[in-house]
There are 2 protein chains.
Amino acid sequence: MKPNPDLLFKALADPTRRALFERLCLDGEATVGALTAGAGVSQPAVSKHLAILKQAGLVQGRGEGRQTHYSAQQGALAPLIDWTGRMNRFWEARFDDLEDLLKRMDQ
Amino acid sequence: MKPNPDLLFKALADPTRRALFERLCLDGEATVGALTAGAGVSQPAVSKHLAILKQAGLVQGRGEGRQTHYSAQQGALAPLIDWTGRMNRFWEARFDDLEDLLKRMDQ
DNA sequence: TTAATTCATAGCCAAAGAGTTATAAATGAT
DNA sequence: ATCATTTATAACTCTTTGGCTATGAATTAA
């Protein structure tokens with residue numbers, strides 16, 4: 001239920017998968033057929049990619065008749081945003097230290 | 001020189017590699033030997049991972065005598081932060097539309 | 001000079017991954 | 001009831017990847 005960063009990174013590492021997710025983010029809901037039209041791969045390939053994205057918590061599928069409408073899952077990127085933020089923050093912390101050092105040296 | 005998101009995602013998709021990068025972010029510079037001690041894999045494996053991280057622009061190596069000091073590259077995560085931000089923003093846009101719709105329905 | 005240390009590269013292997021075609025399962029249309 | 005459509009799964013192939021050992025290249029120590 002709670003998607004760890006590992007699944008997210010792995011899921012988004014593949015360009016085809018990332019393109020699918022981007023499309024769902026930008027254009028909203030879409031059926032497998034519509035997604036297959038845009039992607040450069042076969043329908044089974046798209047279905048497999050969607051399954052992986054779903055497993056990672058990035059998308060959800062809503063069955064309606066014989067077709068499945070997929071959409072991006074809100075908040076799914078939060079762990080990624082957290083992680084990148086943390087890494088950046090620590091770098092800035094060291095940068096602040098350097099600034100402090102330079103300031104002290106300046107006096 | 002400008003690291004595209006694909007290289008970044010691919011580089012950070014591997015847990016060992018992500019752990020190396022995290023360590024460099026949190027603890028600053030470290031030699032290959034020191035990094036190998038922490039990682040659960042052989043020294044050649046660490047070297048290969050570092051090469052990939054370097055290729056992605058995530059780290060840099062400073063040769064000093066027979067050892068190489070690696071450190072996290074500042075700003076390297078910017079494309080990732082951009083991308084996640086964009087994806088999130090579009091979702092929020094749709095959310096705002098929904099709010100507008102609900103507000104209009106309310107009247 | 002010789003020996004030891006540190007890192008990178010080469011070469012190999014097993015596992016994972018992304019793609020395909022074929023087909024099953026479910027639904028909708030005739 | 002039959003046929004068509006839509007999606008998911010199965011079975012397979014091929015490539016990529018992450019790991020290892022062995023070794024080379026460069027530097028430092030004895």
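Residue numbers begin at 1 in each chain, while the letters A, B, ... track the order of the sequences. Reckoned from all heavy atoms, side chains included, excluding hydrogens, waters and symmetry mates.
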Between [atom2] on [N] and [atom1] on [X], what's the gap in Å once rounded to a whole number?
X: A/Ile52; N: D/dT7; atom1: CD1; atom2: C1'; answer: 16 Å
X: B/Gln67; N: D/dT28; atom1: CD; atom2: P; answer: 9 Å
X: A/Glu64; N: D/dT6; atom1: CD; atom2: P; answer: 13 Å
X: A/Leu35; N: D/dA8; atom1: CG; atom2: P; answer: 10 Å
X: B/Gln43; N: D/dG19; atom1: CD; atom2: P; answer: 13 Å
X: A/Arg62; N: D/dT6; atom1: CZ; atom2: P; answer: 16 Å
X: B/Gln55; N: D/dT16; atom1: CD; atom2: P; answer: 16 Å
X: A/His69; N: D/dT7; atom1: NE2; atom2: C1'; answer: 12 Å

Upstream residue (5' side of DNA chain C) when A/Ser42 and B/Val32 are each assigned their closest nucleotide =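 Mapping each residue to its closest nucleotide by heavy atoms, the 5'-most match is B/Val32.
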Quick one: side chain to side chain donor-acceptor pair (under 3.5 Å) partners of A/Arg23, sequence neighbours excluded?
->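 So A/Arg23 forms no side chain to side chain donor-acceptor pair (under 3.5 Å) with any residue.
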Does the pair B/Arg62/B/Glu29 count as a salt bridge with the N-to-O cut at 4.0 Å?
->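 Looking at B/Arg62 and B/Glu29, the cut-off is met.
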Would one find a side-chain N or O of B/His49 under 4.0 angstrom from OP1 or OP2 of D/dG19?
->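 Indeed, a polar side-chain atom of B/His49 lies that close.
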Can you check whether any acceptor in the base of D/dT7 is under 3.5 Å from a donor in the side chain of A/Arg66, or vice versa?
->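 Counting by modelled atom types and ignoring angles, no donor-acceptor contact under 3.5 Å is found here.
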Taking atom types as modelled, find out whether A/Gln43 and A/Ser47 have a side-chain donor-acceptor pair closer than 3.5 angstrom.
->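 Checked: A/Gln43/A/Ser47 side chains pair up, N/O donor to acceptor below 3.5 Å.
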Apply the side-chain contact (heavy atoms from CB on, under 4.5 Å) test between B/Pro79 and each candidate in B/Leu8, B/Thr84, B/Asp6; give the one that qualifies.
->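 Going through the options one by one, the only one that passes is B/Leu8.
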Gap between atom CG of B/Leu26 and atom CE of A/Met87 - 0.5 Å precision |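 CG of B/Leu26 is found 5.0 Å from CE of A/Met87.
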If only atom types and distance count, is the side chain of B/Arg18 paired as donor or acceptor with the main-chain N or O of B/Leu12 below 3.5 Å?
->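 Side chain of B/Arg18 to backbone of B/Leu12: a pair is present.
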Which word best sums up how the rings of A/Phe9 and A/Trp83 line up, parallel for under 30°, tilted for 30 to 60°, or perpendicular for over 60°?
->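 If you compare the ring of A/Phe9 with that of A/Trp83, the planes turn out perpendicular.
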Closest-nucleotide 5' rank along DNA chain D - winner of B/Gly65 and B/Gly40 |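 Its nearest nucleotide being more 5', the pick is B/Gly40.
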Using a 4.0 Å heavy-atom cut-off across all strands, classify B/Thr68 as base, sugar-phosphate, or nothing.
->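 Sugar-phosphate only.
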Does anyone know the first and last nucleotide of DNA chain C in reach of chain A, 5' to 3', at under 4.0 angstrom to a heavy atom?
->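 Contact span on the strand: C/dA18 to C/dG28.
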